[in-house]
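Written below as structure tokens is the structure these notes are about.
The first residue in the sequence is number 1, and the count goes up from there. Just so you know, these numbers use all the heavy atoms, side chains as well, and skip hydrogens, waters and symmetry mates.
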Amino acid sequence: MFLDDAAVLADLASGAAFLGSGGGGDPYYSLLLAEAALARCGRFEVVSLADVADDALLAPCGWIGAPTVSVEKLPNGNEAVSGLRRLEEIMGKRIDAVLPIEIGGGNGLAPFIAAAELGIPVVDCDGMGRAFPESQMAIFNIRGLSACPSVLTAADGSLSVIETEDNVTHERIARALAVSLGGIAHMVEYPLSGADAKAHAVPGSVSAAIAVGRAVREARASGNDAFEALGAALEATGLYPHCLTLFDGKIVDLERETRGGFSVGKVTIDGFGDSGQMAIEFQNENLVATSGGKILAMVPDIITVMDRDTADTITTEKLKYGQRVKVIAAAAPDILRDVRALSFVGPRAFGMGFDYVPVESLNETETA
């Protein structure tokens, strides 16, 4: 399919922001760059994963660093193209298509800008089905693929090539480089064949993000409940089969700092009426939501804070005291819920002392 409408780009940005679980970076600047690329190039081509040739070279890409930095340190617009061109030199082969390393936030839009400049399509899939804070949390690493060769580029024009056999080491090197380059950089990683993408990528996630954003936009325009439309759209994708409202209230406290290349902290929300209080801990992305001593949702399920009046997603770097919000949870794709995946993206992977329980099981009364 061809994406040639700025409204659809905005839908993608809205849907990707929700799927980011608070992370992936606010999509505002990525949307501006994508709109400018659309104006120059006329359209983006989005291809189904099933239609990609097995021997095609695909390049996942996106931004690495702290989202708090991304709202202040603007890209130069050439980072992705520079990184992809260098990867072609290393691989000795033309890149046939790109895809988001994660569908969350601004990273859901990042490949479109490069695709327009290179004249190649974006594949309707991604490497996480949401956003996660660390590179080794991609499904490609979980399934045993290498992140390298990887290319990291920054707004000052610098370029670094990372080559290591260990994907955790790759994350540590890339994170340190991003911090040294001002806190954020663009990264091309996990180059893979079309056959490997078909076997391991999360299919249909770009289309899912567009559908979610469209549903919210159309509901607002028609005066219908945007949150009901959001839930129906998520469940219709087949990737995110459960969605529910966890909490409704006002932000009364916020702890947030940029540390080690991450935005980390905790937000506290007072519920309206007699619903008590909710706390959400985050590391770029929202990780766990608790209320009254009970866990209501946890990683890898999606936990997203949204403006209760507009249904706009509020990413972790945009959280502010006094915002009136709803906290929405959605089930993660099944590919992230198996035993092996949970060892990389479940609560214990983030140092929490408990095992994963699906959001629908934690809230059986609400979902019944």
L84 and E88: CA distance, side-chain angles, deciding distance, side-chain contact (heavy atoms from CB on, under 4.5 Å) verdict:
CA-CA 6 Å; L84 291 164; E88 288 182 329; 5.8 Å; no
So L12 and L31, side-chain contact (heavy atoms from CB on, under 4.5 Å) or not? Walk me through it.
CA-CA 9 Å; L12 172 60; L31 178 58; over 6 Å; no
I would like to know whether F18 and V216 meet side-chain contact (heavy atoms from CB on, under 4.5 Å); could you show each step before the answer?
CA-CA 11 Å; F18 176 86; V216 171; over 6 Å; no
Between F44 and V122, is the side-chain contact (heavy atoms from CB on, under 4.5 Å) condition met? List the steps.
CA-CA 8 Å; F44 302 107; V122 176; 5.6 Å; no
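In this structure, E171 contributes its side chain and M137 its backbone to no donor-acceptor pair below 3.5 Å. Panel note: side chain R143, backbone H200; no donor-acceptor pair is recorded below 3.5 Å. Looking at S21, its side chain does come within 3.5 Å of a backbone N or O of I303 through a donor-acceptor pair. For the pair E189 (side chain) and S150 (backbone), a donor-acceptor distance under 3.5 Å is absent. Within the 3.5 Å criterion, the main-chain N or O of G106 finds no donor-acceptor partner in the side chain of Y29. Of the possible donor and acceptor atoms, one in the side chain of D126 sits under 3.5 Å from a partner among the backbone N and O of G129. In terms of modelled atom types and a separation under 3.5 Å, the side chain of N167 and the main chain of I142 share no donor-acceptor contact. D96 contributes a side-chain N or O that, together with a main-chain N or O of L57, makes up a donor-acceptor pair within less than 3.5 Å.
The side chain to side chain donor-acceptor pair (under 3.5 Å) analysis of residues 277-292, with sequence neighbours excluded, yields the pairs D270-Q277. Every pair passing salt bridge (Lys or Arg N to Asp or Glu O under 4.0 Å) that includes a residue from residues 201-224 is listed here, sequence neighbours excluded: D11-R217, R220-D312.
Below 30°, between 30° and 60°, or above 60°: for H186 and W63 the angle between ring planes is above 60°, a perpendicular geometry.
Within the cation-pi definition used here (under 6.0 Å to the ring centroid, within 45° of the axis), R130 qualifies as a partner of F132.
The shortest distance between side-chain heavy atoms of F350 and V288 does not fall below 4.5 Å. Between L99 and L49 there is no side-chain heavy-atom pair separated by less than 4.5 Å. No side-chain heavy atom of D338 sits under 4.5 Å from any side-chain heavy atom of D334. Within the 4.5 Å cutoff, the side chain of M1 has heavy atoms near those of the S207 side chain. Taking the side chain as every heavy atom from C-beta outward, C243 and I328 approach each other to under 4.5 Å. Inter-residue side-chain proximity for T313 and M306 is flagged as met; some heavy-atom pair is nearer than 4.5 Å. Side chains of I210 and L3 form a contact here, defined as non-hydrogen atoms less than 4.5 Å apart. For the pair R348/D355, a side-chain contact is recorded, criterion being any heavy-atom separation below 4.5 Å from C-beta on.
Within a 6.0 Å radius of OH in Y28, no more than 12 heavy atoms belonging to other residues, nucleotides or ligands are found. Counting heavy atoms of neighbouring residues, nucleotides and ligands inside a 6.0 Å radius, atom CD of E165 does not exceed 12 of them. Within 6.0 Å of NZ in K198 there are more than 12 heavy atoms belonging to other residues, nucleotides or ligands.
Here the closest non-hydrogen pair linking I269 and G249 is CG2-C, 3.7 Å. Across every non-hydrogen atom of Y356 and M298, the tightest pair is CA-SD, 3.4 Å. The two residues L192 and L145 make their nearest non-hydrogen contact at CD1-CD1, 4.2 Å. Closest non-hydrogen pair, L58 versus A197, comes out as CD1-CB, 3.5 Å. Among all heavy-atom pairs drawn from S135 and Y190, the shortest one is O-OH, 3.2 Å. Minimum interatomic distance between G108 and A16 (heavy atoms only, all atoms of both residues): CA-CB, 4.3 Å.
In the hydrophobic cluster analysis, where Ile, Leu, Val, Met, Phe, Trp and Tyr join through side-chain heavy atoms closer than 4.5 angstrom, F262 is grouped apart from L254. Criterion: ILVMFWY side-chain heavy atoms under 4.5 Å apart, direct or through other members. Under it, F344 and V357 are part of a common hydrophobic cluster. No continuous path of ILVMFWY side-chain contacts below 4.5 Å connects I162 to V188, so the two sit in separate hydrophobic clusters. Grouping the Ile, Leu, Val, Met, Phe, Trp and Tyr side chains by contacts below 4.5 angstrom, directly or via other members, places V252 apart from I280. No continuous path of hydrophobic side-chain contacts links I64 to V345 [ILVMFWY only; heavy atoms under 4.5 Å].
Put simply, OG1 on T245 and NZ on K326 are 5.5 Å apart, with the number rounded to the nearest 0.5 Å. Atom OG of S146 sits about 11.5 Å away from atom CG of D196, to the nearest 0.5 Å. Taken from CG in L362 to CG in L244, the straight-line distance is 9.5 Å, to the nearest 0.5 Å. Rounding to the nearest 0.5 Å gives a distance of 11.5 Å between CG of L9 and CG of L33. If you take CZ on R308 and CG on D248, they are separated by 4.0 Å, rounding to the nearest 0.5 Å. Atom OH of Y321 is separated from atom NZ of K250 by 5.5 Å, given to the nearest 0.5 angstrom.
Side chains of N107 and E102: a donor on one and an acceptor on the other come within 3.5 Å. For the residue pair D166 and T164, no side-chain donor N or O sits within less than 3.5 Å of a side-chain acceptor on the partner.
Of the charged side-chain nitrogens involved, none lies within less than 4.0 Å of a carboxylate oxygen, so that K266 and E257 do not count as a salt-bridged pair. A salt bridge links D301 with R337: the distance from a Lys NZ or Arg NE/NH1/NH2 to an Asp or Glu carboxylate oxygen falls below 4.0 Å.
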